[in-house]
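The block underneath contains the structure these notes are about, expressed in structure tokens.
Computed over heavy atoms, backbone and side chain alike; hydrogens, waters and symmetry mates excluded. Note that the structure is a prediction, hence the values are computed from the model and not measured.
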Amino acid sequence: MYNNNNGGLDEEDDLRQYHDGDDGIGVNNEEIKNERNFIDDEEYDDNNNFNDGMEKDNVNNNSNNNNNNNNNEINNSNEIDDNNNNNNKNKNKNNNNTTIDDSHLSTLKQFTFRSVLAGLIIGAMLCFSNMYYGLQSGFITMGSLQSTLLGFLFFKVFAKHFQIRFNQFENVLLQTVAVATATMPLAGGFVGIIPALKMLYDDEMNNKVINNSTTSLGSSESSIVIEELPNYFTWWGLLLWSFSIAFFGLFFSVPLRKQTILVEKLKFPSGAATAQMIKVLHNLKDTEVHSELLVKEIHGGGSGAIENLGDGIQLIEDSPRGHYHDVGGEDDDLLTYDEKQIKIKKSWDKKVKVLFYSFLVSFVYTMLSYFFPILSSLPIFGNYVKSTFFWTLTPSFSYVGQGMIMGTRTGVSTLLGAIIGWGILGPIAKSSGWLITDPTKSPALNGVKGWVLWISLFIMLAESLVSLLVLIIRMLLIKFGVIKNHNGKFSDAQCVDPAPPSQRVPHIWWIAGTVASGVLCVVIVSPLFGIKVYETVIAVVLSLLTSILAVRALGETDINPVSGIGKISQILFAVISPKNILANLVAGAIAEGGSQQAGDMIQDLKTGHLIKASPRVQFYGQLIGSFFSIIFAVAAYELYSHAYTIPSVDGLQAPTAAVWLNMAKLVNGGELAHNVLPFCIVLGVLVSLIPIAEAFNPNLEHYLPSGIALAIGFYQTPNYSIVRAIGAFVQWYWFRKNSHSFREYGIIVASGFVLGEGITSIFTAIMTITHVPQFK
């Protein structure tokens, strides 16, 4: 419950009812003592806010301490005994699905320093991992499930060091902070726009060298060497850029909560799956979560590790109520309390070991592939195919983990895209002489890679635009009553916000925040990039408008179409600021950043809504995470850009950067690669039929490929698609062979694999900078 109404029961009386489990298991006095310490550690005023001016009541084991002369404590003690007897007499009645008062939820602390700190640490790890994988192959994860699980495991392992148990609201805050911290590599354009700007700059410098035919090569190079990079490539320029786009999408998303979550009750599958995981991890009763979480089966929109975290997920948690959830088929009623605790401890010890060993395996491979680079690119089809068409095997456990997280449909679609693009069309273009090498262009835009990239761009553009068009048409048809909303019939009048006013974000906050952050973006971006003020203003306004579409698409499909949103802004800016490729890229980046921030916030708010967490606390968490993400993202980009050439042909390729730059050149009058247009049109039309078919029959989603995943298979080299497909197959086979085992350990193994290489990449980057020798 959101309110602070205890229903006539004082705190310990309600605690006693809270501890009497559904299975009639006896109350553990030490647990009650800890819960009592937990409650007394939190002082609230009448508005359910913390009264920071009040001193915390230090409750110790000597409950008969005569220093406390409060007569109410004596009365409460007598009432506890009376109510305990009544509860014991009515034990069977409480077992029969009767409504149990959940007023104890109002006494659980929601904003804690430890949750914020843990969220920042986990978010920092995910931020560095996202930067590394995003620059390497374009992979970015929100990490909501991973951060929820990792945070819970940490507080579970070190529970004996904390007097107050880690509760579900703290977990919601932790994952909110972690997600906000982790996604800046995408929201800030570090894996796409910034490398694209670097490619644009390098192309301009190459043109100067070639056009300066009257000057010797040596003097020409000298003039370029002494020419300083633009300010937006410096560390302080990147900090300013990140700060300028980190907040306006966050503020603007707040009013979208009412329409998308409360009125229309959009699914937001990943947010719902995260709530489902929190419910199971903390063993919450049905009365402690929103009813939406009970009536809907969570599948997560087809994502592998998410789609199989349904209502049958089995994760063990020792309940503070004395209730134990059986997962092994053993009759736990025959076990004593101590035996159950031993069983629970063994289960969580095993989970920690699984996480550690999966992390260790990925760590060892990454270190070995540094010292022996051949391990990162095995020429399974020979050296010619490797150097020309990039068909190699990268036996990276991290990409196996990514495939497990992505799921079967995405993994198979990505491999299909690689086969069509790099296995069929690429060789055709090569044998037909359509590949032209332009010395003024980046290597990422030449050869087979540059030719296939155009097809990827058209596929992404067609799929994104048609999907958004289908979404808009569906919204209009629902609005005018032509079709029914699958989530039920809702209206503003019927919508009641379950959060009390003290837990909502005031209107003045998001209005003032949106205006202030928008003005800040204009003030910083215009002089930093040399863009006209009105152009930046238009870019911010477009970002706010397109973020509405992005949030709705995320709620319906579990996909935030930030790339498509960015392409829409690029098309519009080709008219607003023609022939200005720099402004075109920056406008796309602003649109992408705003949409990403808004989507992250609403997804997290959906999780909090289902767990009955405070929206205001989550808002605080998102602000904190977004602020620190600026520092972590810039640090990560500086590290990897100093260690490696970005983009490069076979290292950190930054494949999405080439897509952004090609789009900017195309809409500003650039030319396509030779004879690629017919293939672009045919594949673009075919892929655009997928969202249309799914709109008429949603069940076709299980049989049709993902358009965006196909495009990914085209723009990333095949070595990554192969291993991700292996990971998708692993999760598919594991789930069908032993679904119970997969639900227990699937996301743990995948998280360990991904974090293993992601964290180790920090050390290998430092080793590269310091020239630690390799065996090539």
Side-chain angles (χ1 to χ4, degrees), residues 137-138 196 199 381 384-385 387-391 409-410 412-438 441-467 469 561 563-564 566-568 570-571 574 647 649 653 655-693 704-722 725:
S137 62
M199 293 171 65
F381 299 112
Y384 173 77
V385 176
S387 59
T388 307
F389 303 107
F390 303 95
W391 279 99
R409 185 193 187 202
T410 304
V412 172
S413 299
T414 303
L415 182 60
L416 179 61
I419 293 173
I420 297 173
W422 299 88
I424 299 176
L425 299 183
I428 291 175
K430 176 71 175 177
S431 61
S432 302
W434 298 340
L435 306 181
I436 300 176
T437 300
D438 187 346
K441 291 183 179 181
S442 167
L445 300 177
N446 279 312
V448 176
K449 182 176 293 187
W451 194 86
V452 170
L453 190 68
W454 285 108
I455 304 176
S456 172
L457 173 60
F458 270 72
I459 292 175
M460 293 178 64
L461 193 59
E463 203 275 347
S464 299
L465 293 178
V466 173
S467 294
L469 182 62
S563 58
K567 303 299 180 289
I568 292 175
Q570 286 187 284
I571 293 172
V649 176
Q653 303 173 21
T656 57
V659 176
W660 279 102
L661 184 57
N662 270 1
M663 181 67 184
K665 290 181 176 180
L666 178 64
V667 297
N668 284 281
E671 295 182 357
L672 295 171
H674 188 55
N675 282 346
V676 77
L677 182 59
F679 299 96
C680 294
I681 294 175
V682 171
L683 286 170
V685 170
L686 290 177
V687 169
S688 66
L689 297 177
I690 295 176
I692 297 175
L704 296 175
S706 165
I708 292 297
L710 278 172
I712 293 174
F714 274 82
Y715 74 63
Q716 74 179 14
T717 49
N719 54 313
Y720 300 121
S721 299
I722 293 172

[atom1]-[atom2] distance between [X] and [Y], expressed to the nearest 0.5 angstrom:
| X | Y | atom1 | atom2 | result |
| --- | --- | --- | --- | --- |
| Leu469 | Ser464 | CG | OG | 12.5 Å |
| Met460 | Ile712 | CE | CD1 | 7.5 Å |
| Ile455 | Ile681 | CD1 | CD1 | 11.5 Å |
| Met663 | Asn668 | CE | CG | 9.5 Å |
| Ser706 | Ile690 | OG | CD1 | 7.5 Å |
| Gln716 | Ser721 | CD | OG | 4.0 Å |

Take Phe389 and Phe381 through the side chain to side chain contact (heavy atoms under 4.5 Å, CB included) test and state the conclusion after the steps. CA-CA 10 Å; Phe389 303 107; Phe381 299 112; over 6 Å; no
Least distance between heavy atoms, [X] atom then [Y] atom:
| X | Y | result |
| --- | --- | --- |
| Ser431 | Ile428 | OG-O, 3.1 Å |
| Leu415 | Ala725 | CD2-CB, 3.8 Å |
| Ser413 | Pro705 | OG-CA, 3.3 Å |
| Pro655 | Leu453 | O-CD1, 4.3 Å |
| Ala711 | Ile459 | CB-CG2, 3.9 Å |

#### Entry: Stepwise side chain to side chain contact (heavy atoms under 4.5 Å, CB included) check, Ile571 with Leu461
CA-CA 11 Å; Ile571 293 172; Leu461 193 59; 4.2 Å; yes
So the salt bridge (charged side-chain N to carboxylate O under 4.0 Å, His left out) pairs with at least one residue in residues 673-693 (sequence neighbours excluded) are none
By side chain to side chain donor-acceptor pair (under 3.5 Å), Thr656 pairs with (sequence neighbours left out) none
Applying side chain to side chain donor-acceptor pair (under 3.5 Å) to Asn662 and not counting sequence neighbours gives none
>> Run the side chain to side chain contact (heavy atoms under 4.5 Å, CB included) test on Lys567 and Trp660 for me, step by step, so that the C-alpha distance in whole Å, both residues' side-chain angles and the decisive distance to 0.1 Å come before the verdict.
In response: CA-CA 8 Å; Lys567 303 299 180 289; Trp660 279 102; 4.1 Å; yes
- Does a sphere of radius 6.0 Å around NZ in Lys430 hold more than 12 heavy atoms from other residues, nucleotides or ligands, not counting ones at 6.0 Å or beyond? no
Item to complete: Would you check if Ser688 and Glu463 make a side-chain contact, meaning some heavy-atom pair closer than 4.5 Å?
Response: no
ask   = Considering only heavy atoms from C-beta outward, does the side chain of Thr414 approach that of Leu710 to under 4.5 Å?
value = no
Residue set satisfying ring-ring contact (aromatic ring centres under 6.0 Å, His included) with Tyr720, at least two apart, ordered chain then number -> Tyr399
The ring-ring contact (aromatic ring centres under 6.0 Å, His included) partners of Phe390 (sequence neighbours excluded) come to Trp422
Checklist entry - If you measure only the distance, is there a donor-acceptor pair under 3.5 Å linking the side chains of Thr717 and Gln653? => result yes
Looking at Ala429, is its backbone amide N or carbonyl O close enough to the side chain of Ser432 to form a donor-acceptor pair, meaning the two atoms are under 3.5 Å apart? no
Ignoring hydrogens and geometry, is there a side-chain-to-backbone donor-acceptor pair from Arg409 to Leu704 under 3.5 Å? yes
Could you walk me through whether Leu683 and Leu425 pass the side chain to side chain contact (heavy atoms under 4.5 Å, CB included) test, one step at a time?
-> CA-CA 11 Å; Leu683 286 170; Leu425 299 183; 3.9 Å; yes
With sequence neighbours left out, the residues meeting side chain to side chain contact (heavy atoms under 4.5 Å, CB included) with Ile568 are Leu465, Leu468, Leu572
With Phe679 as partner, the option from Phe458, Trp451, Phe714 fulfilling ring pair (Phe, Tyr, Trp, His ring centres under 6.0 Å) is Trp451
Inset, instruction - Please find out if less than 6.0 Å separates the ring center of Trp454 from that of Tyr715. - result: no
